[in-house]
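Just so you know, these numbers come straight off a predicted model, no measurement behind them. Sequence positions, counted from 1, serve as the residue numbers for this chain. Note: hydrogens, waters and symmetry copies are ignored here, and every other heavy atom, side chains too, is used.
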Amino acid sequence: MKNLFKTTVAAICLGILAGGMVACEEDPTPPVVDPGSNNGTVVLSGSITSNTTLDASKSYLLKGFVYVVAPATLTIPAGTVIKGDQDSKATLIVERGAKIIADGTESNPIVFTSNQPVGQRNYGDWGGVIVLGKAPQNQATTPIIEGGVDRPYGGTDANDNSGILRYVRIEYAGIALTTDNEINGLTLGAVGAGTIIDNVQVSYCGDDAFEFFGGTVNAKHLIAFRTWDDEFDTDLGYSGKIQFAVSLRDPAIADVSTSNGFESDNDGVGSATTIKTSAVFSNVSVFGHYRQIADTATANSLVGRGAHIRRNTSISIFNTVITGYKEGIRLDGTSTQQNMTDGNLVLKNVTLAGNVRSLNTAGSANSSDFTAAFNAAGSNNTSVALADLQLNANNFNLNAPNFLPQSNSPLIGSADFSHPKLGGGFFTTTNYRGAFGTIDWTANWANFNPANTVY
């Protein structure tokens with residue numbers, strides 16, 4: 001694939017300085033303009049090798065694999081819309097040492113979306129956004145990012161800075177390059193803590209919404225909406241912190257690999273590497289509603305677990321609510337259970353509600369030990385009926401969800417931030433479990449009906 005798309009950037013290397021665009025040193029070819037657009041569509045293709053700023057007043061089309069090559073920075077202004085071409089499996093890849101500055105606003109978010117017209121958009125219409133950094137990961141040799149992109153990631157700089165993704169929507173990504181070889185909505189390969197990720201929505205992705213391969217980057221305010229596979233996938237030594245994240249699953253949609261809310265591995269074989277997957281999550285709402293339609297033909301039997309914790313991971317989850325999966329939490333493997341026994345894997349202030357089965361184990365993990373640990377005094381974990389949560393009547397509305405809990409919900413007033421893993425200044429102390437209290441942080445910038453949005 002890399003040879004097929006190893007072209008110069010005919011669209012952004014304008015050879016002029018007008019409109020905020022920076023001339024490319026390699027090729028001054030003028031932009032490719034689609035004559036079918038009244039305003040002209042600027043085609044982005046090939047390799048971006050010098051600092052480049054897009055123009056929010058223009059329409060952009062990604063074609064093929066578009067690489068931002070170190071030390072270049074791609075700056076995308078607030079309000080810019082970039083569409084992904086389906087036929088060429090368009091994907092934006094920010095390489096190690098390069099940067100993306102996609103800094104939208106609440107009233108003017110940046111949108112990556114399908115190039116298909118209203119009524120024809122679907123899962124996996126284009127590739128997605130991939131950001132690669134120089135932070136640590138746990139493989140002995142430098143890995144190549146998945147999805148058919150022939151680019152390495154990882155290094156030794158925990159504070160590596162790959163730029164900014166703020167108030168950004170990524171819609172209809174996740175195209176399959178080959179069978180079982182899809183690109184995620186947002187893929188982060190060893191991205192460092194110097195990077196800012198805040199207010200990012202991934203919708204209708206054909207693979208995982210967010211996947212973290214190693215790295216130390218932190219994130220707040222993430223939305224995974226109607227994902228095909230997993231919502232929040234962490235592996236290869238990812239050790240960042242995430243707060244305020246919500247997922248809402250269409251219970252009729254799932255992947256053949258079984259679709260989960262959280263999925264976490266230390267690596268693919270569960271090895272005991274020195275850099276452990278040790279992500280810390282707080283204030284996450286994982287909303288499935290498989291159980292509510294389990295007796296109808298529309299329920300997908302491959303909807304799996306609210307959290308599948310496996311392969312020697314040491315992920316920790318606090319102040320979180322998980323609803324509506326066949327299993328609330330599955331603890332998988334002896335080594336994973338030992339991580340919990342040793343206090344490296346922590347589940348605290350977690351509420352399970354409306355799952356067919358709250359807790360389960362696999363791979364030699366002991367079910368009674370896991371249940372005892374989950375319910376131990378001081379953990380403050382609970383398993384309740386969904387109705388007991390007192391959620392908003394439109395919480396599971398797939399076109400216009402309202403995630404704010406009712407004022408009498410037991411999620412309000414039940415948070416706890418006393419654990420040392422929640423120290424250090426990143427986490428905002430709240431009085432509620434889940435992603436929402438009285439403020440809807442998705443308002444004004446998120447879009448839960450992109451199928452009918454005219455871009």
Side-chain angles (χ1 to χ4, degrees), residues 48 51 67-76 91-104 110 128-147 149 151-168 170 183-200 202 208-222 232-245 264-267 273-282 313-316 421-427:
I48 300 171
N51 293 343
Y67 297 95
V68 184
V69 181
T73 295
L74 173 63
T75 300
I76 305 174
T91 304
L92 179 65
I93 303 110
V94 181
E95 297 187 11
R96 291 192 299 180
K99 289 183 180 180
I100 179 171
I101 306 297
D103 201 1
I110 293 164
V129 177
I130 298 173
V131 183
L132 308 177
K134 298 180 180 180
Q137 49 77 36
N138 67 15
Q139 298 299 283
T141 58
T142 302
I144 302 298
I145 200 65
E146 71 172 22
V149 179
R151 291 298 186 271
Y153 62 97
T156 60
D157 185 2
N159 292 312
D160 186 40
N161 183 355
S162 294
I164 300 172
L165 291 170
R166 182 159 46 200
Y167 288 110
V168 172
I170 302 171
I183 295 174
N184 305 300
L186 178 59
T187 301
L188 299 166
V191 174
T195 308
I196 295 173
I197 298 179
D198 194 4
N199 290 284
V200 177
V202 176
D208 298 342
F210 299 89
E211 185 154 12
F212 300 79
F213 294 94
T216 54
V217 66
N218 304 317
K220 286 187 175 181
H221 305 107
L222 304 182
F232 308 107
D233 196 335
T234 56
D235 42 33
L236 298 193
Y238 173 59
S239 61
K241 302 173 182 179
I242 296 175
Q243 187 178 25
F244 307 123
S264 187
D265 311 323
N266 194 42
D267 62 10
T273 57
T274 55
I275 301 175
K276 275 288 186 73
T277 298
S278 55
V280 180
F281 288 83
S282 184
T313 183
S314 286
I315 189 177
S316 293
K421 284 181 177 283
L422 297 176
F426 171 78
F427 290 101

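- Here the side chains of L236 and Q139 are in contact, with some heavy-atom distance below 4.5 Å.
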Evaluate D233 against F212 for side-chain contact (heavy atoms from CB on, under 4.5 Å), listing each step before the verdict. CA-CA 6 Å; D233 196 335; F212 300 79; over 6 Å; no

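- Between V200 and F210, the closest side-chain pair of non-hydrogen atoms falls below 4.5 Å.
- The shortest non-hydrogen separation linking R151 to I93 is CG-CG2, 4.5 Å.
- Rounded to the nearest 0.5 angstrom, T73 OG1 and I164 CD1 are separated by 10.5 Å.
- Separating the OG1 atom in T142 from the CD atom in Q137 is a distance of 6.5 Å, to the nearest 0.5 Å.
- For D267, the side chain to side chain donor-acceptor pair (under 3.5 Å) partners at least two apart in sequence or on another chain are S271.
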Residue pair Y67, I48: steps toward the side-chain contact (heavy atoms from CB on, under 4.5 Å) verdict: CA-CA 6 Å; Y67 297 95; I48 300 171; over 6 Å; no

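- Listed here is the closest heavy atom pair of A102 and V168: O-CG2, 3.7 Å.
- Taking the side chain as every heavy atom from C-beta outward, I76 and I100 approach each other to under 4.5 Å.
- Seen from the ring of Y153, R96 does not count as a face-on cation partner, given the 6.0 Å and 45° thresholds.
- The two residues G215 and A135 make their nearest non-hydrogen contact at CA-CB, 3.9 Å.
- Looking at heavy atoms from C-beta onward, N138 lies in side-chain contact with N266 at the 4.5 angstrom threshold.
- F281 and F232 have tilted rings, their planes meeting at an angle from 30° to 60° on a 0 to 90° scale.
- Contact detail for K241 and N218: the closest heavy-atom pair is N-OD1, 2.9 Å.
- At a threshold of 4.5 Å between non-hydrogen side-chain atoms, the residues L422 and V280 count as touching.
- Closest approach of F427 and K421 over heavy atoms only: CE1-O, 3.8 Å.
- Expressed to the nearest 0.5 Å, how far CD1 of I101 lies from OG1 of T75 amounts to 5.5 Å.
- For the atom pair OG1 of T277 and CG of D235, the computed distance is 6.0 Å after rounding to the nearest 0.5 Å.
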For the pair V202 and I170, evaluate side-chain contact (heavy atoms from CB on, under 4.5 Å) and give the outcome as yes or no after the intermediate values. CA-CA 5 Å; V202 176; I170 302 171; 4.2 Å; yes

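- With contacts defined as side-chain heavy-atom distances shorter than 4.5 Å, the pair K99/N161 qualifies.
- Considering CD1 of I196 and OG of S162, their distance stands at 12.0 Å, rounded to 0.5 Å.
- To the nearest 0.5 Å, the span separating CD1 on I315 from OG on S278 amounts to 9.5 Å.
- By the 4.0 Å N-to-carboxylate-O rule, K220 lies too far from D198 to be salt-bridged with it.
- For the pair I275 and P136, the tightest heavy-atom approach, listed with the atom from each and the gap, is CD1-CB, 3.8 Å.
- Within the 4.5 Å cutoff, the side chain of I145 has heavy atoms near those of the L132 side chain.
- Here the rule is side chain to side chain contact (heavy atoms under 4.5 Å, CB included) with I130, and of N184, L186, V149 only V149 fits it.
- Inter-residue side-chain proximity for L92 and V68 is flagged as met; some heavy-atom pair is nearer than 4.5 Å.
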Might you work through the side-chain contact (heavy atoms from CB on, under 4.5 Å) test for K276 and T313, ending with a clear yes or no? CA-CA 7 Å; K276 275 288 186 73; T313 183; over 6 Å; no

